[in-house]
Amino acid sequence: MGCSKWRAAFNFGHLKVQSKLSVFFTMIILFTYLFYCLNGYCDSLPRPVYDQQTNLQNKIILNDGQEASPEQLGAYNASPVSLVREQLSDFSNSDAPSNNISIANNFGSKKFPQAIIIGVKKGGTRALLEFLRIHPDVRAVGAEPHFFDRFYDKGLEWYRNLMPRTLEGQITMEKTPSYFITKEAPRRVFSMSRLTKLIVVVRDPVTRAVSDYTQTLSKSPGLPSFQNLAFRNATTGLIDTSWSAVRIGIYAKHLENWLRFFPLSRFLFVSGERLVTDPAGEMGRVQDFLGLKRVVTDKHFYFNQTKGFPCLKKPEGSSRPRCLGKSKGRPHPQIPSEVLLRLRDFYRPFNLKFYQMTGHNFGWD
Ligand SMILES: Nc1ncnc2c1ncn2[C@@H]1O[C@H](COP(=O)(O)OS(=O)(=O)O)[C@@H](OP(=O)(O)O)[C@H]1O
């Protein structure tokens, strides 16, 4: 009788200890979960398919007119081993797998870009962004978000969500070349942050116009000739400034618009020509402007004779050398020299004004 009483008491005590232990372990699990969630790691948990499908409906335009979803953008940017690279990148010979599975990088947080490549279309903006991406302290959106021109009504949080996660000391970047010519863009970027650094890749406006025309021609082969579009009146040689291929090249006019909001010190003008002839030199200036250590140097580039352009020895997320894709550095159609001369005359005063404004002679005349 005495023995069974002791056994009962022992069992009861044992149960008490057991339940205390289970409460203790449950608390530990709960606290660990809460800690991870507060640090943003919960994002890595698989999400319901319907959630992913909803996100896929928010389409983003790629620079070549394709559409990419914010979901794809996120995957592309978040991961150093970006598996959607093939769809989004302008690199050729991609050695990245072509499925949509990505190794998620859930460290850090999504921030507004501290630096934006705002232009110019066909200036060499893709080359600059891809060269910058090899820098360990730069994280950039692969596709063009077009937030400050096309999707502003989606709100700043939508925009921030497109950004890759960054750690302390890393710079968030994006490029959308049409911002430079968008009237509302300066005010909008300013209201996001007046400290935003603005990079403009500029190229001889005549070659830029031909490059722009070449791109449109590749999509619409029945397009009228360059001269038909460039001249308002062929006999008088009056230039049609309403044609976007011409208008974009009046850099001084677009810059005036930006200078109403940002001081000149907030801009870096990159020479599109030098980005081809001396990529390392131009990248040195860009890294200095961004306050980055000069990590991207001449050892990262080689000149590809077949492509006729500098290519990367080891682009981000790859161990193989890579050049930009076929739509970058493609041959231009032959334009009669008198047409090009007329256009050059047209741009001269605007170019001079631009040199004055920027304090930099780009040598286009
Ligand atoms: N390294 C390298 N490889 C290939 N292409 C290079 C490179 N550096 C600059 N460029 C020039 O970039 C031009 C395309 O400019 P963008 O990237 O700004 O075009 S876009 O606005 O994003 O469509 C592209 O214009 P096109 O030559 O007319 O195709 C190139 O001249």
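Both counts, for ligands and for their atoms, begin at 1 and track the order of listing.
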Please determine if G124 has a nitrogen or oxygen closer than 3.5 Å to a nitrogen or oxygen of ligand 1.
yes
Parallel, tilted or perpendicular for Y159 and F112, by the 30°/60° rule?
parallel
Would you say that more than 12 heavy atoms from the other residues, nucleotides or ligands in this model lie under 6.0 Å from the CZ of R348, or not?
yes
Between ligand 1 and H332, is the shortest N or O to N or O distance under 3.5 Å?
yes
Does one side chain, of T176 or E174, offer a donor that lies under 3.5 Å from an acceptor on the other?
yes
I'd like to check the side-chain contact (heavy atoms from CB on, under 4.5 Å) partners of I134; sequence neighbours left out, ordered by chain and number.
V296, H300, L312
Would you mind finding which of F303, Y213, F309 brings a heavy atom closest to atom 7 (C) of ligand 1?
F309
Working for side-chain hydrogen bond (donor to acceptor under 3.5 Å, both in side chains), residues Q114 and K197
CA-CA 6 Å; Q114 294 97 328; K197 292 186 179 182; over 6 Å; no
Those atoms of ligand 1 less than 4.0 Å from some heavy atom in Q215
23 (O)
Just to be sure I read this right, does ligand 1 sit under 4.0 Å from the backbone of K326, its side chain, both, or neither, counting only heavy atoms?
neither
Atoms in ligand 1 with a heavy atom of K175 nearer than 4.0 Å:
22 (O)
Can you tell which of G329, S327, P331, S178 gets a heavy atom nearest to atom 30 (C) of ligand 1?
G329
Face-on cation placement of K121 at F180 ring, 6.0 Å and 45° thresholds
no
Among R126, E282, R330, K328, the residue with a heavy atom nearest to atom 20 (S) of ligand 1 is K328
Polar-atom distance check: P310 versus ligand 1, any N or O pair below 3.5 Å?
yes
Specify side chain, backbone, both or neither for F131, according to which of its non-hydrogen atoms lie closer than 4.0 Å to ligand 1.
side chain
Work out whether the distance between some heavy atom of L275 and some atom of ligand 1 is less than 4.0 Å.
no
Check the orientation of F148 and Y152. Use parallel for under 30°, tilted for 30 to 60°, and perpendicular for over 60°.
tilted
One residue to check: L324. Relative to ligand 1, which of side chain, backbone, both or neither has a non-hydrogen atom less than 4.0 Å away?
side chain
Ring-plane angle category for F346 and F350, please: parallel below 30°, perpendicular beyond 60°, tilted otherwise.
tilted
Please identify each residue that fulfils side-chain hydrogen bond (donor to acceptor under 3.5 Å, both in side chains) with R294, with sequence neighbours left out.
D288
Centres of the Y251 and F269 rings: under 6.0 Å?
no
Considering G308, A127, S211 one by one, which has a heavy atom nearer to atom 8 (N) of ligand 1 than any of the others?
A127
Using a 4.0 Å cutoff against the non-hydrogen atoms of V276, which atoms of ligand 1 qualify?
8 (N), 9 (C)
Based purely on interatomic distance, does K121 place a nitrogen or oxygen under 3.5 Å from a nitrogen or oxygen of ligand 1?
no
Any idea which atoms of ligand 1 are less than 4.0 Å away from a heavy-atom of E144?
22 (O)
